[in-house]
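Encoded as structure tokens, the structure appears first; notes follow it.
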Amino acid sequence: MADYRILLLGPPGAGKGTQSKRLADEYDLDHITTGDALRENKEMETEYGTPAEYMDAGELVPDPVVNEIVVAALEDADGFVLDGYPRNLDQAEFLSEETDLDYVVFLDVPEDELVDRLTGRRVCPECGANYHVEFDQPAEEGVCDECGADLVQRDDDTEETVRERLRVYRENTEPVVEHYRDEGALVEVSGEGTPDDVFDRIQDVVEN
Ligand code: AMP
């Protein structure tokens, strides 16, 4: 199997996490996600304070903290799917010094749909599975189908923080999308429809 190096870009709520997990399973790639890594170390003291102070406000965690996570993860990976990084142009430049990429895929979802997706999202704190209170309910309300744990709402999925995350995305991460578009590297895929629909579209890009 080819060791693909895939970058998945898109706004918060576009489905990057869901699709990255599927890509990692399908092609036996490492799933490198700064968001999950930071959530696991939310209370870690750094010289900039804890990640939680930034995350719960919807702001970006300082670059040195996230760059270090990515460097460590890339060292161990042959093929990978990168999810949630880079989120600003400085991170994109840092990444380009660390590795080449085979595919840069942009998941496109209209903004009004993102707010509904994020505020209704529920996650499993044990296995990371995602659900939605309306669009993707578990068999038993509030309980993970995969592992039986109680589902929770992410601290940053409240409406106020979601709106700030989208503002931060527009200000910092849209220029990253433009950067890859200008390079001719960006492949745009609609992120609307079911997770299966979206995965089919991404597979088309990777395999053709
Ligand atoms: P995510 O799970 O990707 O939505 O990330 C959740 C939060 O983690 C973000 O709102 C940021 O506070 C932080 N975070 C994740 N990835 C990065 C990154 N590449 N740069 C800065 N902060 C990040």
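This structure is a prediction, so every number in the text was calculated from the model and none was measured. Note that ligands are numbered from 1 as they come in the structure, with each ligand's atoms numbered from 1 the same way.
The neighbour count for Glu160 CD, taken as heavy atoms of other residues, nucleotides or ligands under 6.0 Å away, does not exceed 12.
Under the 4.0 Å criterion applied to side-chain N and carboxylate O atoms, Glu188 and Arg181 are assigned as salt-bridge partners.
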Sequence neighbours left out, cut at 3.5 Å: what donor-acceptor pairs do the side chains of residues 70-80 make with other protein atoms?
none

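For the atom pair CG of Asp116 and CD of Glu159, the computed distance is 9.0 Å after rounding to the nearest 0.5 Å.
Among residue pairs with one or both ends in residues 90-111, those qualifying as ring-ring contact (aromatic ring centres under 6.0 Å, His included) are Tyr4-Tyr103; sequence neighbours excluded.
Closer than 4.0 angstrom to ligand 1 by heavy atom are Thr34, Gly35, Leu38, Arg39, Met55, Glu59, Leu60, Val61, Val66, Gly84, Tyr85, Arg87, Gln91, Arg154, Asp156, Arg165, sorted by chain and number.
Taking the side-chain contact (heavy atoms from CB on, under 4.5 Å) definition, one finds that Glu171 meets it with Arg167, sequence neighbours left out.
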